[in-house]
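As structure tokens, the structure follows; a few thoughts come after it.
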Amino acid sequence: MSVNIVWFRRDLRLSDNPALYSATQNGKPIIPLFILDENTNSAGAAFKWRLGLSLESLSLDLQRYNSKLILRKGPPLNVLKELKSILGDINIFWNRLYDEASINRDTEIKSYFQSREVSVTSTEGMLLHSPWKTQTNSGTHYKVFTPFWRAISKQEVKQALPKPDKLVKPSKWPDSDDLKDWNLEKEIGRGKEYLIEKVNVGEKGARVGLETFLGKRLGNYAQARDRVDLTESSNLSENLAYGEISAREIWHSVIDQKDVEFNDKEMFIRQLAWRDFAWYLSYFSPHIIHSNWKAEWDNFPWRENEDELKSWKRGLTGQPIVDAGMREMYITGRMHNRVRMIAASYLTKHLLMDWRLGLKWFEECLIDWDPASNAMGWQWVAGSGPDASPFFRVFNPELQAKKFDPEGKYQMKYLGPSSLDTHDSKIFYKMAPKSWNINEKSRPSTSIVDLKFGRDRALNSYSKFKKIIADL
DNA sequence: TGTGTCTTGAT
DNA sequence: TCAAGACAC
């Protein structure tokens, strides 16, 4: 009898997991598998560390089913070939991913096995809607969010699938690596003992997080989501990044809330749609992940300044809201979305540096790292992306702080009031690598670039750039 | 999901 | 004197 291999990737959950669900339908033994491939192994320090926790949690959940997660390292095609040689007849199941590297890898694997009469089933488990289901009337793909949003709002979101009742064991388990040997925490350094207090791990953690959000915060979401000093965000991005909960389940749970105003629900659902839109863009224009979405931006004259980049990364720009955000990211692995935009604008406009430098640092630090959302977000701010803000939209960090952190509570939390340290400001100095050589006195008292000067310089560069492009 | 500046009209 | 809106960048 053949066995069903369920290859887990960014879907580390048992509920609403279409690959797992399909695999259980024919009653055959199930082998849950996770492969550490080069793609995953080259991810940022925070992501890898957090991935280890997620794998640990999934393993435990599977143990409750008398099942186990098989861990393997290496190129997935080789791993699967080897498993086939050990197990004999296999069927393979996975949920689709939508970045170019994954698509190419999966396509190769699928054609290899299908030509050898191994059944490969790929299912939609990641997004609200498969990208190819949404097209403009003229048959192209959307490039602007609002029309995309209008289009997907008309589509039905599939009901979430239940957890499997049971998982049939194979007669013999293939060998598994030991998670510890992968050493996924080696690059996070001494930060992990602090980060561990801030994370919410696993399928169960995700569901508790969702319930808390629905019960306490969704009702105030539309009004307060931009306020960085309040806790109205869902904090589910972390769980979504590893697939510990599905977007569809969140969508339905939100819609089903009877006592919440439509406006609040819609504002939140929109955020899920933004995530879909990011992967949609990555599906139809894969270069968005690494390169300027608008090719002419390859000629933009970004500044290079190692010292200023360091200051930005380390929360030492002297611009309070920016520095607070960079510290929040360093010690929690997350940053309020509004502050992400402000910090990104400061780097790409006031300091006039390439968005990819900022993206790289975010990739290093974020535990909710999502390549599509981040690429789209950075290019949106920089002006090089689709649906991008025109370059002259320069966030004024002082105005933004006044609007979204009116009493300065958020800034104070991470920076400490002038002479006093807070819990989080102290943690930052403990976590910061010794090589940074920073302490409470390192932060300049004013912005390293004058806000008006930086803004004007950015606008000038942009208008010169536009002229060069026009003459080309 | 922008900001700065000018105008207008209420006080 | 200032909030609110229009407009340019």
Side-chain angles (χ1 to χ4, degrees), chain A residues 142-150 152-153 220-230 232-234 237 263-278 280-281 288 293-294 297 300-301 319-322 325 328 334-352 355 358-359 362 368 370 372-406 410 447 449-470:
Chain A
Y142 288 101
K143 293 163 193 84
V144 177
F145 178 74
T146 308
F148 170 82
W149 165 244
R150 257 184 253 125
I152 67 161
S153 298
N220 197 29
Y221 189 77
Q223 196 205 332
R225 65 178 217 93
D226 260 332
R227 282 285 294 272
V228 304
D229 54 340
L230 305 178
E232 308 300 320
S233 342
S234 73
S237 60
N263 188 29
D264 289 303
K265 293 188 200 177
E266 192 188 31
M267 197 58 88
F268 181 70
I269 293 303
R270 244 179 115 88
Q271 304 311 306
L272 287 178
W274 270 110
R275 175 175 171 275
D276 257 50
F277 188 51
Y280 177 91
L281 289 173
I288 192 174
W293 189 82
K294 293 178 188 154
W297 275 77
F300 190 82
Q319 192 64 57
I321 188 84
V322 175
E328 181 188 20
R334 295 195 297 259
M335 199 196 300
H336 191 288
N337 188 53
R338 168 59 51 180
V339 191
R340 293 186 199 207
M341 294 191 280
I342 301 170
S345 170
Y346 188 85
L347 183 74
T348 56
K349 307 288 169 82
H350 286 98
L351 296 179
L352 210 60
W355 59 270
L359 176 111
F362 273 31
D368 66 7
D370 174 310
S373 294
N374 274 280
M376 179 187 68
W378 274 96
Q379 299 217 48
W380 183 86
V381 172
S384 60
D387 201 21
S389 65
F391 192 82
F392 52 73
R393 280 188 197 156
V394 181
F395 283 78
N396 179 327
E398 276 169 5
L399 274 184
Q400 291 280 318
K402 227 180 254 169
K403 254 191 234 171
F404 301 116
D405 185 26
Y410 170 87
S447 176
V449 55
D450 177 78
L451 291 184
K452 180 162 169 27
F453 171 83
R455 179 175 196 273
D456 291 346
R457 179 174 63 187
L459 294 176
N460 283 336
S461 298
Y462 181 60
S463 56
K464 267 190 232 152
F465 164 68
K466 256 199 335 200
K467 210 173 159 299
I468 294 168
I469 296 302

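By convention in this document, chain letters (A, B, ...) are assigned in the order of the sequence lines, proteins followed by strands, and residues within each chain are numbered from 1.
Using a 4.0 Å heavy-atom distance criterion, A/K452 is classed as making no nucleic acid contact.
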(message) Walk me through whether A/R340 and A/D368 qualify under salt bridge (Lys or Arg N to Asp or Glu O under 4.0 Å).
(response) CA-CA 13 Å; A/R340 293 186 199 207; A/D368 66 7; 2.8 Å; yes

(message) If you apply the rule salt bridge (Lys or Arg N to Asp or Glu O under 4.0 Å), what do you find for A/D450 with A/K452, and how did you get there?
(response) CA-CA 6 Å; A/D450 177 78; A/K452 180 162 169 27; over 6 Å; no

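A search for side-chain hydrogen bond (donor to acceptor under 3.5 Å, both in side chains) contacts involving A/Y410 returns A/E328, not counting sequence neighbours.
The distance from atom CZ of A/F392 to atom P of C/dA8 is 11 Å, rounded to the nearest whole Å.
Using a 4.5 Å heavy-atom cutoff, the side chains of A/V228 and A/Q400 are not in contact.
A distance of 6.0 Å or more separates the ring centres of A/W149 and A/Y142.
Nucleotides of DNA chain B with any atom under 4.0 Å from a heavy atom of chain A span, from 5' to 3', B/dT1 to B/dG4.
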